There are 2 protein chains.
Amino acid sequence: MDMGADCHHEDGVHPGLAGPVLADALVLAERRCAATQERLTAPRRRVLELLLESDGPQKAYDLIAAFGAHGEPAKPPTVYRALEFLERLGFAHRIESLNAYVPCRLDGQGHRAAFVICECCGAAEEFEPDFATQLAAAAPSGYAVRSVTLEARGLCPACQAG
Amino acid sequence: MDMGADCHHEDGVHPGLAGPVLADALVLAERRCAATQERLTAPRRRVLELLLESDGPQKAYDLIAAFGAHGEPAKPPTVYRALEFLERLGFAHRIESLNAYVPCRLDGQGHRAAFVICECCGAAEEFEPDFATQLAAAAPSGYAVRSVTLEARGLCPACQAG
DNA sequence: AATGATGCGTTATGAGATAACATAACGAGT
DNA sequence: ACTCGTTATGTTATCTCATAACGCATCATT
Ligand SMILES: [Zn+2]
Ligand SMILES: [Zn+2]
Ligand SMILES: [Zn+2]
Ligand SMILES: [Zn+2]
């Protein structure tokens, strides 16, 4: 993303979780895993924690660098495997046009995710579009659509004001 | 894309141009460049030709490998620069979720592009989403949307039939 | 305990894209 | 035709992003 050097706004509409709020989010994730016989193992939990703590979309290698509690990086497969798991369970999403990852900010687990991405400050906000009717009409010639990647670019409210 | 090994269908809804049809397309591109003071230089023209000849989305390094007339590959920046130019002028599009490139299959130059991608045969069909306004409404909390990346996955008509 | 399935640690490599700098081609003005 | 600013290309090196492959550890089931 080519964010001009003239952006004076704060990064991250989502401030990132910390303290008890973060702990609660992790406990909730534990519960949701337990309910489906999935295991929130240490590396998976750690990567989810890093995503939840973050202010905005995180690159895989940022997560790799931040993985260790005392500054030691993880090996790439450790983080990529965790991300694959978190995506599969709906705890995280990959933003294709950024090569970056965000924690899910919505409640539902099997939901379709879409994003608006601020070209100024880099914030990415998740929303759930009601595709079905729109896309069925828009898609051409008999394609049977099963999933959708929708990533919109623009300016967040703060960056419009500035 | 994870296309199962059980797909027996032909790749590419768009068969790829050749002969006089290809030549015509390149002449048209020349004209459109001339009309806006842009230069369709040799490497740009060559990359556009490779895209137009192709049956489906092309990876950058496929284009790099195929660039030379006698099998010599191009250097990566040569092709990436050409792709940047072709995208800027609307002659080609990048499909984010594939890391691949396609020639524009629609007429307008400044149009919004969207794709349906067959998970079985890999075909990618371009269409022009007409719901910009609806999207603006669907987007959350005051974001001003300026561009949209929309890539839908599913099955093309041929692969549904099989 | 033996078995099978899943997940992790590690090494190495593959795939995708760009930075940086020098040279070459163009094109407007003289 | 010459000069100069601009745009594009050639080249080298490097950077970012992601996965293959293998062996070991862990867990649940028998
Ligand atoms: Zn979500
Ligand atoms: Zn912003
Ligand atoms: Zn197009
Ligand atoms: Zn198909």
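Every heavy atom of this structure was used, including side-chain atoms; hydrogens, water molecules and symmetry mates were not. So you know, we letter chains A, B, ... as the sequences are listed, proteins then strands, and number each from 1. Here the structure is a predicted model, which means the values were calculated and not measured.
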Atom OH of Y101(A) to atom P of dA18(D): distance rounded to whole Å? 4 Å
So that I can tick it off, tell me whether E30(A) and R45(A) are bridged by a salt bridge, with the cut-off set at under 4.0 angstrom between side-chain N and carboxylate O. yes
Could you tell me the boundaries of the chain B footprint on DNA chain C, defined by atoms under 4.0 Å from its heavy atoms? dG16(C) to dC26(C)
What distance do L83(A) atom CG and L51(A) atom CG have between them, rounded to the nearest 0.5 Å? 6.5 Å
Map N99(B) and P43(B) onto DNA chain D by nearest heavy atom, then report which one ends up closer to the 5' terminus. P43(B)
Give R39(A) one of three labels, base, sugar-phosphate or nothing, depending on what nucleic acid heavy atoms sit under 4.0 Å from its own. sugar-phosphate
Is the F91(B) ring parallel, tilted or perpendicular to the F85(B) ring (thresholds 30°, 60°)? tilted
Donor-acceptor side-chain pairing of S97(B) and R153(B) below 3.5 angstrom: yes
Could you spell out the base pairing of DNA chain C in dot-bracket, with Watson-Crick or G-U pairs whose two distances are under 3.5 Å, [ ] crossing and | to another strand? ||||||||||||||||||||||||||||||
Donor-acceptor pair, distance only, cut-off 3.5 Å: does the side chain of E126(A) make one with the backbone of A114(A)? no
To the nearest angstrom, how far is K75(A) atom NZ from dC22(D) atom P? 18 Å
dT6(D) C1' sits how many Å from Q37(B) CD, rounded? 14 Å
How is R44(B) classified with respect to the nucleic acid when contacts are heavy atoms under 4.0 Å: base, sugar-phosphate, or nothing? sugar-phosphate
Without decimals, in angstroms, what is the distance between K59(B) NZ and dC17(D) P? 16 Å
Rounded to whole Å, please give me the gap between CZ in F85(B) and C1' in dA8(D). 11 Å
Nearest-nucleotide comparison on DNA chain C, the residue closer to the 5′ end among P76(A) and A82(A): A82(A)
For E38(B) and P77(B), find the nucleotide of DNA chain D closest to each by heavy atoms; which residue's nucleotide sits nearer the 5' end? E38(B)
Grab the OH-C1' distance between Y80(B) and dT9(D) for me, whole Å please. 18 Å
Could R81(A) and E84(A) be called an ion pair, given the rule that one side-chain N must be under 4.0 Å from one carboxylate O? no
Going by the salt bridge (Lys or Arg N to Asp or Glu O under 4.0 Å) test, name the single residue among R32(B), R31(B), R88(B) that passes it with E38(B). R88(B)
So, do E87(B) and Y101(B) sit near enough that their side-chain heavy atoms are less than 4.5 Å apart? yes
So, using ring-ring contact (aromatic ring centres under 6.0 Å, His included) as the criterion, who are the partners of F115(B) when residues are at least two apart? H93(B)
Can you check the D62(A) CG to dC15(D) P distance for me, whole Å? 16 Å
